[in-house]
**Student:** 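Structure provided below as structure tokens; questions to follow.
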Amino acid sequence: MMRAFFLKFLFSLLLFSFHNISYARDTITSTQSLKDGETIISSGGSFEMGFFSPTNSQNRYVGIWYNQIPNRTVVWVANRDTPLTNTSSVVLKIINPGWLALVDGNNNATIWHTNTSRQVPNPVAKLLDSGNLVVTDNANDESPENLLWQSFDHPTDTQLPGMKLGKNFVTGLEVPLSAWKAENNPEKGEYELHIEPKGYPQSIMRKGGNKVYRSGSWNGLRWGGTHGIQKKSYVIDTSVIINTNEVSTSFKVHNSSDLVRMVLTSTGSILLYKWADETEEWKTLRNAPTDVCDTYGSCGAYGSCNYDNFPVCGCLDDKFLPRDKVAWGKSDFSGGCVRRTPLKCQNVTSNGFLKYSGIKLPDTEFTWFNTSMNLQECEQVCLKNCSCMAYSSLDISNGQNGCLLWFSDLIDIRVLPEQGQDLYIRMASSDLDYPSSSKGKKSKIIKLTSSVLVGILVLSLTLTVVIILYKRKKKEINLKLKWEEDQILFEVSTITKATNNFSLNNKIGEGGYGPVYKGVLDDRKEIAVKRLSKTSKQGLGEFKNEVNSIAKLQHRNLVKLLGWCIQGDEKMLIYEYMPNKSLDSYIFDIKKRALFDWSKRFNIINGVARGLLYLHQDSRLKIIHRDLKASNILLDIDMNPKISDFGLARSIGLNETGANTNRVAGTLGYMSPEYAGHGVFSIKSDVFSFGVLILEIVSGKRNRDFSHHQDHYENLLGHAWKLYRDRRLIELVDEHLVAPCDLPQVLRSIHVGLLCVQHYPEDRPGTSSIVHMLANNVELPIAKEPGFFTKTKVNDETKSSLGVEISCSINEVTISSFSPR
Ligand SMILES: *[C@@H]1O[C@H](CO)[C@@H](O)[C@H](O)[C@H]1NC(C)=O
Ligand SMILES: *[C@@H]1O[C@H](CO)[C@@H](O)[C@H](O)[C@H]1NC(C)=O
Ligand SMILES: *[C@@H]1O[C@H](CO)[C@@H](O)[C@H](O)[C@H]1NC(C)=O
Ligand SMILES: *[C@@H]1O[C@H](CO)[C@@H](O)[C@H](O)[C@H]1NC(C)=O
Ligand SMILES: *[C@@H]1O[C@H](CO)[C@@H](O)[C@H](O)[C@H]1NC(C)=O
């Protein structure tokens with residue numbers, strides 16, 4: 001009796017464990033089926049297949065996922081539109097006539113099945129190590145002609161290496177990516193990604209059937225509408241086939257041990273992911289669309305979207321006018337633009353072509369192309385046909401080859417300064433200004449004249465200062481000089497008296513190049529005096545630079561230069577006095593933080609953004625500050641922010657976007673990766689620093705000193721991004737921030753901050769967009785992983801980049817590095 005009980009117990013234990021351990025098999029046949037919970041099908045390598053439920057969902061699906069990585073990442077779903085709620089009786093098996101099917105054992109009902117074109121005696125389903133599930137008539141032969149069906153022909157939201165998207169004209173099969181309905185719901189969603197064969201083939205994302213984003217056509221190097229991809233080490237090779245049999249694209253990984261997948265998310269993002277073993281997470285390599293200018297046709301026909309402008313939409317140039325001026329004025333750009341001079345085409349010589357460079361080529365749905373024609377032949381063909389609106393070359397991988405002609409209005413153009421292409425647009429001769437044969441020369445002349453003008457301006461400014469310096473030195477006369485209306489050359493004696501002979505009591509701070517004192521002039525006016533240290537030869541350059549940069553600037557969010565003082569070794573800059581000192585003394589101070597409410601913080605974020613916009617865009621010279629940080633933001637009596645310390649500022653030509661230096665100077669924790677690593681500075685490196693500043697203002701923590709208890713290897717940026725990714729942004733907010741605060745505004749500010757600190761400059765918004773995004777409830781692009789920048793990384797990057805020197809300092813002081821003479 002006892003023994004029988006024991007055996008029974010043992011037996012039930014066995015049964016129990018059998019129920020919970022699934023075992024792997026590698027094929028499915030009519031007799032060997034796949035049961036929920038009991039079996040998985042293994043590819044023998046990277047992939048496996050079985051029943052699963054998405055997170056927080058009760059529904060059961062059959063799907064394929066990676067078998068080596070901890071978080072289940074599903075790459076294909078069989079019954080996406082017919083979820084199972086009770087799977088105990090459902091199995092996946094092969095049924096007649098060679099269908100792979102989900103069959104309910106209770107009533108033999110087929111819940112889902114594949115199709116097949118022909119019938120074979122013993123079909124077998126097998127999961128290949130590419131992640132492709134195939135039905136074949138012979139388990140040992142997976143050659144394409146033996147395949148009855150393959151999951152690669154019916155993808156869900158994921159493209160794996162080796163999978164072709166596109167259209168086969170012979171079989172009529174079209175293979176798009178089709179997004180999930182929601183993150184946890186594999187049902188067919190709204191977004192689809194197609195390679196569309198009409199006209200010149202292009203990659204288009206549609207939402208509910210409407211075009212929403214166009215990666216564009218393949219130009220031999222990349223999809224023409226993609227941007228912001230600058231990685232030198234490439235992970236995948238993309239191939240595109242365009243012929244009479246098919247139009248398709250696929251990719252393969254460079255290193256076969258890399259796990260790479262491309263996903264169309266339920267929210268309409270195209271993401272290329274690579275698995276990172278070290279951190280055990282999927283890293284985003286590419287991301288599109290990235291900004292409002294990627295939205296299909298956002299500026300209408302002949303409109304051009306420029307993310308650095310505000311508003312972003314404009315007509316291509318002044319040879320075009322808004323079609324509906326009133327709507328345009330109300331920011332409705334859908335009507336687009338029309339030619340200033342309408343085309344008349346009785347006689348082809350009354351037309352010609354204007355070249356537009358650095359743009360994303362317009363929609364190619366209504367185009368004609370020829371791969372063997374060159375650009376001259378292309379122009380001739382286009383000129384002869386009055387409905388041909390524009391032409392360009394097809395392939396730019398090796399010079400300019402092929403011919404693409406547009407036979408419709410030109411839509412979905414954006415400015416892409418680095419990765420854009422040339423487009424030749426048909427214009428009335430009166431709008432050409434010059435014979436069409438000398439095309440290209442004109443834009444060069446414009447560039448030349450404007451850079452000469454800028455050069456002259458900078459030169460004359462510098463000369464003036466040099467002359468002043470020279471005169472001061474030679475004659476040693478204490479003259480008062482008028483610069484702009486109220487900037488003056490102060491006498492040393494005046495300043496000595498005002499600052500109580502530079503008494504320690506008057507010292508209010510220490511800048512990058514010397515101490516700062518408070519002073520009171522005879523008329524009781526308060527001033528701040530920045531005294532450059534006498535011993536340092538370095539000071540003179542920065543001094544001149546600061547005078548040059550700031551003398552002509554006037555903006556309520558920039559600290560005002562009242563004048564300066566040069567006498568012998570003594571060099572001083574005299575500013576308006578800011579009673580509330582600098583921002584860092586509030587946001588990083590435990591006691592003061594509590595009194596520093598959200599509306600004050602937001603006012604500061606906005607003010608700094610406007611000051612930056614003025615520097616970058618609205619002032620007569622484009623100025624890059626290069627050392628934006630909390631201690632360089634001064635606060636006036638009403639707590640309005642003013643950007644100060646222009647010692648490192650550089651003005652760049654109006655047509656330039658940035659420059660290169662081999663003297664990297666700035667402050668750790670605020671420097672963008674490309675600046676610290678390679679000396680490349682631009683408006684976008686200031687934008688990076690501003691992003692750090694936003695995150696510091698919101699969190700009340702310094703980026704440099706930041707350490708988080710759980711995962712201390714990341715800085716504030718990394719921490720913020722992880723919270724953003726996990727939808728826990730609220731946790732970033734300073735715990736001392738007193739309620740009430742406008743939560744959506746707080747979250748929007750953090751989101752904008754994250755966009756500003758993106759790794760690649762192209763991914764960061766322009767300054768005008770920042771101002772716009774902060775003030776308006778517009779949809780923000782998804783932020784990617786930021787450009788992490790820690791002290792150790794500086795050293796790594798410095799070693800690797802030739803000709804760039806950088807010295808690191810431990811304290812929060814501007815670093816200046818000089819090339820040896
Ligand atoms: C299901 O089909 C099998 C074989 O085709 C058959 O033997 C069985 O009786 C069927 N069951 C039901 C409930 O129809
Ligand atoms: C099988 O064909 C039908 C009808 O053409 C189609 O609706 C269904 O999606 C196909 N099934 C699969 C798995 O491809
Ligand atoms: C491929 O990647 C693996 C793992 O990351 C690495 O060990 C190997 O060196 C790489 N191979 C090549 C050829 O780069
Ligand atoms: C493309 O251009 C070449 C050279 O002009 C010509 O020989 C060829 O017929 C053209 N192909 C088509 C399809 O028009
Ligand atoms: C111009 O091109 C269009 C589109 O290819 C074509 O339909 C039309 O016949 C052409 N016109 C002339 C005069 O060649």
Side-chain angles (χ1 to χ4, degrees), residues 45-47 66-70 73 129-131 160-162 169 196-202 217-220 231-238 240-247 251-261 272-285 301 342-353 361-396 398-411 423-428 785 796 800:
S46 305
F47 294 95
Y66 293 91
N67 73 354
Q68 305 135 315
I69 64 178
T73 307
D129 206 31
S130 55
L160 292 172
F169 301 120
E196 304 205 347
K198 190 153 182 228
Y200 189 53
Q202 52 184 345
S217 302
W218 186 256
N219 64 19
K231 293 227 161 106
K232 278 184 203 114
S233 62
Y234 56 114
V235 178
I236 61 167
D237 280 334
T238 303
V240 173
I241 300 173
I242 298 174
N243 60 33
T244 50
N245 291 335
E246 66 174 298
V247 165
F251 67 86
K252 61 174 199 260
V253 284
H254 230 248
N255 181 339
S256 58
S257 55
D258 284 344
L259 300 181
V260 179
R261 64 194 169 106
L272 182 71
Y273 284 118
K274 177 181 174 229
W275 180 254
D277 270 331
E278 321 81 61
T279 49
E280 299 220 311
E281 61 185 2
W282 288 101
K283 265 188 78 161
T284 311
L285 300 179
L343 289 177
K344 285 202 207 78
C345 194
Q346 297 92 354
N347 165 4
V348 290
T349 56
S350 68
N351 288 174
F353 294 95
L361 296 180
D363 193 340
T364 56
E365 181 173 346
F366 302 101
T367 53
W368 177 90
F369 67 98
N370 181 320
T371 49
S372 50
M373 273 160 62
N374 65 28
L375 213 52
Q376 283 74 38
E377 294 166 330
C378 199
E379 174 173 7
Q380 286 314 308
V381 173
C382 191
L383 192 63
K384 282 189 196 129
N385 187 327
C386 285
S387 32
C388 178
M389 289 300 148
Y391 71 91
S392 80
S393 45
L394 273 185
D395 188 320
I396 57 167
N398 182 17
Q400 307 256 336
N401 293 302
C403 171
L404 181 54
L405 305 177
W406 275 263
F407 292 97
S408 65
D409 282 343
L410 308 177
I411 193 158
L423 180 68
Y424 300 84
I425 302 181
R426 182 182 214 100
M427 302 296 265
E785 196 172 300
D796 293 342
S800 66

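Note that the coordinates shown come from a computational prediction; the quantities given were computed from them, not determined experimentally. Indexing begins at 1, ligand by ligand and atom by atom, following the structure's order. Side chains included, hydrogens not; waters and symmetry mates left out as well; all remaining heavy atoms used.
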**Student:** Scan Leu375, Leu405, Leu361 and name whichever one has a side chain to side chain contact (heavy atoms under 4.5 Å, CB included) with Ser392.
**Tutor:** Leu361
**Student:** Just let me know how Trp368 lines up against ligand 4, side chain, backbone, both or neither, with a heavy-atom cut-off below 4.0 Å.
**Tutor:** side chain
**Student:** Any protein heavy atom under 4.0 Å from atom 11 (N) of ligand 3?
**Tutor:** yes
**Student:** Okay, side chain of Thr238, backbone of Phe251: is any donor-acceptor separation there less than 3.5 Å?
**Tutor:** no
**Student:** Distance below 4.0 Å between atom 14 (O) of ligand 3 and any protein heavy atom?
**Tutor:**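 There is a protein heavy atom less than 4.0 Å from atom 14 (O) of ligand 3.
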**Student:** With heavy atoms only and a cut-off of under 4.0 Å, state how Cys386 meets ligand 5: side chain, backbone, both or neither.
**Tutor:**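 Neither; nothing of Cys386 gets under 4.0 Å from ligand 5.
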**Student:** Using modelled atom types only, decide if a donor and an acceptor are shared between the side chain of Asp129 and the backbone of Ser46 within a distance under 3.5 Å.
**Tutor:** yes
**Student:** Which residue supplies the protein heavy atom nearest to atom 9 (O) of ligand 5, what is that atom called, and how far is it?
**Tutor:**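 Looking at atom 9 (O) of ligand 5, the protein heavy atom closest to it is Asn385 ND2, 4.8 Å.
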**Student:** Quick one: look up the protein heavy atom nearest atom 3 (C) of ligand 3 and list residue, atom name and how far away it is.
**Tutor:**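 Looking only at protein heavy atoms, the one closest to atom 3 (C) of ligand 3 is Ser257 OG, 3.3 Å.
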**Student:** Report the nearest protein non-hydrogen atom to atom 1 (C) of ligand 4: residue, atom name, distance rounded to 0.1 Å.
**Tutor:**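 Scanning the protein heavy atoms, the shortest distance from atom 1 (C) of ligand 4 goes to Asn370 ND2, 1.4 Å.
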**Student:** Quick one: does Phe407 get a heavy atom under 4.0 Å from ligand 5?
**Tutor:**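 For ligand 5, residue contact (heavy atoms, under 4.0 Å) with Phe407 is present.
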**Student:** Between Arg426 and Trp406, is NZ or CZ placed under 6.0 angstrom from the six-membered ring centre and within 45° of the ring axis?
**Tutor:** no
**Student:** Determine whether the aromatic ring centres of Phe407 and Phe366 lie less than 6.0 Å apart.
**Tutor:**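 No, too far apart.
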**Student:** Select the closest option to atom 8 (C) of ligand 3 among Asn255, Leu259, Asp277, judged by heavy-atom distance.
**Tutor:** Asn255
**Student:** For Asn255, look at atom CG and say whether over 12 heavy atoms of other residues, nucleotides or ligands are found less than 6.0 Å away.
**Tutor:**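 Yes - once you tally the heavy atoms of other residues, nucleotides and ligands closer than 6.0 Å, there are more than 12.
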**Student:** Considering only non-hydrogen protein atoms, determine which one is nearest to atom 5 (O) of ligand 4 and report residue, atom name and distance to 0.1 Å.
**Tutor:** Met373 CG, 3.6 Å
**Student:** Just which atoms of ligand 4 are under 4.0 Å from any heavy atom in Ser372?
**Tutor:**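 Going through ligand 4 atom by atom, the ones under 4.0 Å from Ser372 are 1 (C), 2 (O), 3 (C).
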**Student:** I need the atoms of ligand 5 closer than 4.0 Å to a non-hydrogen atom of Ser387, numbered in the order shown.
**Tutor:**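 In order of number, 1 (C).
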**Student:** Can a side-chain donor-acceptor contact be found between Trp275 and Asp277 if the only test is distance below 3.5 angstrom?
**Tutor:** yes
**Student:** Out of curiosity, Leu272 CG to Leu285 CG, how far, rounded to the nearest 0.5 Å?
**Tutor:** 4.5 Å
